[in-house]
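What follows is one structure encoded as structure tokens, with my remarks underneath.
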Amino acid sequence: MSKKNRTKFSIIRAAAAMGIALLVAFLLILLSADGANFSEKIAASGKALREMLVSPLFKKNGNFSMKNFSDVLAGMIPIMFTGLATCIMFSANQFNLGAEGGIMLGAFVTALVAIYAPIPGPLLMVVAVLAGGVAVGIVMLIPAVLKAKLGVSEMVNSLMLNYVIMYFLNYLMNSFLADTSKGITQTYAFQDNALIPQMIDNGSRLSWGFVIGIIMVILCWFFMYRTRWGYGIRMTGINQPFVMYSGMNVPLIIIISQVIGGVLAGMGGGIEMLGRYNVYNWSALPGYGWTGITVAILAGNNPAYVPLAAFFMSYLTKGCTLMSTNANVPSQLIDIIQAVIFIFFAAQQFLAGYRQKLVVKSAQEELAAKAAAMKAERSEQ
Amino acid sequence: MSEELVIQMKGITKVYPNGTVANQDVNFDVRKGEIHALMGENGAGKSTLMKMLFGLEQPTSGEILVNGEVVNLSSPTVAISKGIGMVHQHFMLVPSLTVAENMALGMVPKKSGVLIDYKKAVEITEEYSKKFNLRVDANAKVMDIPVGMKQKVEILKALVRGAKILILDEPTAVLTTQETVELFTELKNLKKQGYTLIFISHKLNEIMEITDRMTILRGGRSMGIHETKDVTPEEISRLMVGRDVILKVDKDQAKPTDEVLKVRDLEYVNEWGKKMLDKVSLSVRKGEILGIAGVEGNGQKELVDMLFGFNTPNAGTIEVNGANIIGLGQRELRERHIALVPEDRMLYGIAGTASIEENVISDRCGEKRLNKGILFNMKAIHEESAKLVKDYTVLCKSAQQQVGSLSGGNIQKVVVAREFSNGPELIIADQPTRGIDVGATEFIRKKLVELSRSGIAVLLVSADLNEVMELSDSLIIMCGGKIAAYFEDTKELSDELMGKYMLGIEKQTPEEIRRVCHE
Amino acid sequence: MNIFTTDFFFSIIRIATPILLATLAAVIGEKGGVSNIGLEGIMMMSALFGSLTAYWTGSWAVGLLAAMAVGLLEALLMGFFAFKLKTDIILVGTAVNMIGSGGTIFLVKVITNATMGKSLTSTTSLITKSLQVPSWNIPLIKDIPVIGKVISGHSLLTYIAFLLVFLTGVLLYKTPLGLNIRSVGENPNAASSVGVSVSRVRYITIGIGGILAGLGGAYMSMYYAMGWSLDMVAGRGFIALAAQSMGGGEPVGSMLAALIFGFAQALGIKVSATGVDSNLVAPIPYIVTILSLVVFALNQRRVEKHRHASALK
């Protein structure tokens, strides 16, 4: 199939997946809509859907809403990191689902450094975030080494680790670290020099962490497509025996991919912590890890598309939040929309019939061209 | 034999989802009670055509008639109901189930409504086994029985389902000579009982021996239907490959120098306790091609696995340029300039969805010249891949094209381009031209000769007699995990003599064989 | 303090029941070559609809049926994506788990809002004692000292779960369907070449798993926790996958593994009753899972080495 047809096909496919997700969303909204009769319900649902799709960008009066837009950008920060983490792990065909626990642990370790480490100036910020990354990288050694050396499923282990991390952090908070003068379980405040400055001062919490996220996207792309390690990771994902036979160290690649994934998730947690909060008060898994998986699938495991996918997810999340305040539809609708888009993106055979038609068409065109060329050759002789 | 046609396939075209045109406007028919050969090189479209007849694939266009009736063979179930059975090349058996369970699969006899009547399944198996004189052990697990018996189970499976037309996909490929003889007797017996057989093969002598008519496919098209008694082997080979097979490869007399590969008394027992290598010793020197001939499954695969670090021997030594290589990983082996053209190119040779470029740099991606600091030197990589594509005449749009979208011959050119180009001192070529087109075959063979004459040691493992005899300077024959013969010069060798050693009818003395060590 | 009381052993069985049901789903799935990591999400969804239906109809039995039906439906939908649209089964499972956590809270809010006029975030207020799946004091056995106290008086679903261990064995090894499931799992080409419909068998495999996970969900919301609440399944669907592999994929072995997890969790509860922070005890089953997978892998490796070594002799 020609490149033009391939591009055309992927765009149509993406649009169809989103269309189906929106249709499902509409039906679910309809289920919850207020209204005395059907047409009132339809109208209410239409309003809610509009709220979800339009309000992240525009105010009621139709003017561009900088506040909402910067909220969307701020929402991209953690999921860009978990998205990148998942991209790299999935590229090596490692179904490590530990970005969820990873971002929580990273946030926690960063918070500890930000509270207690006597480091002057902005250096504290850097050290704190890196400490979060390193801590998660080390924890990811558990599923990584077990997979590489013993062939134990990294998927099950990473899922288990998510829970272990959550309970363990809650234990540390309850027993040692909480600021007991407060009504809820939270730590003492971060040192001021640990806080990541904001890009806009409008309460969106759009910090310079966003720019760091974009820089990480670029670095990850270079890592995956312009270094021998990224190359090894991608080839391992395609055909592991080939990589071994070629003389690369497969167990090491399996370990590296998951450790890097862990470092990215951990850094994401740290940056989210220092850019959005001034105390640590998470008591449950934040869900960014799962969204990160969706981001990676939408981006086709290519870091370059992560910002786009993260923007899309953040936009929808913001839309659902606004819809829940303004149209009284529970914001958790986002989880269902996300799952629907996710699964249609991941479905290889979705619209395969249409693709087959395109393939047959271009194969027949090629054959016809060949036949014409042969005919021309013969008539020359 | 009557003139009645039991199968007619008319104007069959098949385009696969990846764009491969496997069959184009093929006409094919089979008479009742005949043995009909379907011939062609690997990739000629034989398997696809038969998959459509058995309902595993559906034609893109064209129609199929069974007993004069147009049918829509949408699944194997439909094909089976029309009396068509297939014996696949890769056995369709479930290893952990018994022979009787495999026989019963899909048509299980029941007792008290829901449970399997296992006793009945055994009875049925034994009844058919007797009726067609195909001896099997009904209670043995399939994973424990020999290949020949597995094939009998496959044939019985088709017969018990009421097949009157049997498709046999390269049935002799996995069999020993003795088993092949047995199979032919059984097939002739089936023919006598009125069964129709379609026999896929590319072994000329077999075709001439047992078939009545043949259809030859080339490049997805039919080259016509012929009466076996009316065509000569030369004509068949011309129809199959489009021109007379080029048998000769020009090469000068080898001038071997230092010993590169030194294998001594290698032994290996596999995990089922079968001795696969028995005191194998050989040497390969710079500037020569040592061929290893033999029926597949006589230890060649195990030997290659040992040489390239996929397995470790139970006893014996392997040295390359004087240093032990047992226990080394593939990376260290490649650092010692050992290259392997793997037998299974789709599994080891390539990463299918990656580009040609990404495939040719896999063994050298860490080398200085392709890197600038921590980054790849993309310019150097593009240059390297473009040069290899050109030097090895890989037919493609550019080095950025997906390897998996190339034809088999071009895929193999990508593999050899990588393996031959990074300064190898020892090349192990395992079935380097299996199943690829004539052009690519010729190219790779010439390249091997050229490389050996430039001072590289080449170990060639091939089940293709023509190939080992033409390319090798000297040659060993493996049989039953041992070296059965060593020939210092391949020129005076005849097929008949080779056959005797390959099948274990004759064996050289240990002293004669020991000459391969050049001590 | 003596922790190994009859109460303690009673609680092991009580805790192991939902894990066992999900484990059997995983056992049948793996035999048929269908790795269902969505069991967690299916249990959540079934738990929700089971409790809601029980409340609406006023009948625990109808609630139980609804939970099974929802499990089946969701599993078949998974099958559609995995087999028909060729989506990686792990990703399908991930999507189901996403819906199982956030999606269920959306549904419970919307549904309670539409039917009752106020949106609830859990159904614990709806499941009263009369809607609980009944327990059963087994005649005669209940009077046996010690043993009676341990194995009598459990929920009906507990006895069904242990009966299902036996039935799963019969299904897999003694029925034509089981033969089909095992051959599709081991060599789908072999099965399809003799006319076994691979996709039909796979749908049945994942469907049975859905029903079993549905029972597990019903047990959670209609017996164990008396009502549905967010994230109540808490990884039991994942632990089941570990129990399956620890038990070598066979029904009885996997049952023992499920009991080991029940033991770990029961021990945790016992210990936390002595004043230890529950957060320190809650992760025990997850840690046991990781450790057991390691032990299992090491053992596997040892067995293989041993086999090869003995082949040499």
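Convention: sequence-line order gives letters A, B, ...; per-chain numbering from 1.
- Proximity to chain C is limited to the side chain of Val108(B), based on heavy atoms less than 4.5 angstrom apart.
- For residues 64-81 of chain C, a heavy-atom distance under 4.5 Å to chain B picks out no residue at all.
- In this structure, chain C has no heavy atom under 4.5 Å from any part of Pro109(B).
- Under the ring pair (Phe, Tyr, Trp, His ring centres under 6.0 Å) criterion, Tyr223(C) pairs with Tyr219(C), not counting sequence neighbours.
- The CZ atom of Arg182(C) sits 6.0 Å away from the OG atom of Ser96(B) when rounded to the nearest 0.5 Å.
- Contacts of Phe54(B) with chain C are made by side-chain atoms alone, with heavy-atom separations under 4.5 Å and no backbone atom involved.
- Taking non-hydrogen atoms and a 4.5 Å limit, the residue list of residues 168-181 of chain C in contact with chain B, ordered by number, reads Val170(C), Tyr173(C), Lys174(C), Thr175(C), Pro176(C), Leu179(C), Asn180(C).
- With a 6.0 Å radius and a threshold of 12 heavy atoms from other residues, nucleotides or ligands, Leu163(C) has its CG atom above the threshold.
- Heavy-atom pairs under 4.5 Å with chain C were tallied for Leu105(B), Leu56(B), Leu115(B), Leu93(B); the largest tally goes to Leu105(B).
- Heavy atoms of other residues, nucleotides or ligands lying less than 6.0 angstrom from NZ of Lys482(B) number 12 at most.
- Summarising the geometry of His88(B) relative to Ser193(C), their closest heavy-atom pair is NE2-CB, 3.9 Å, with the distance given to 0.1 Å.
- Close approach to chain C, defined as a heavy atom under 4.5 Å from one of its heavy atoms, is seen in Pro76(B), Thr77(B), Ile80(B) of residues 74-87 of chain B, taken by number.
- Between chain B and the options Val194(C), Asn189(C), Val196(C), heavy-atom pairs under 4.5 Å are most frequent for Val194(C).
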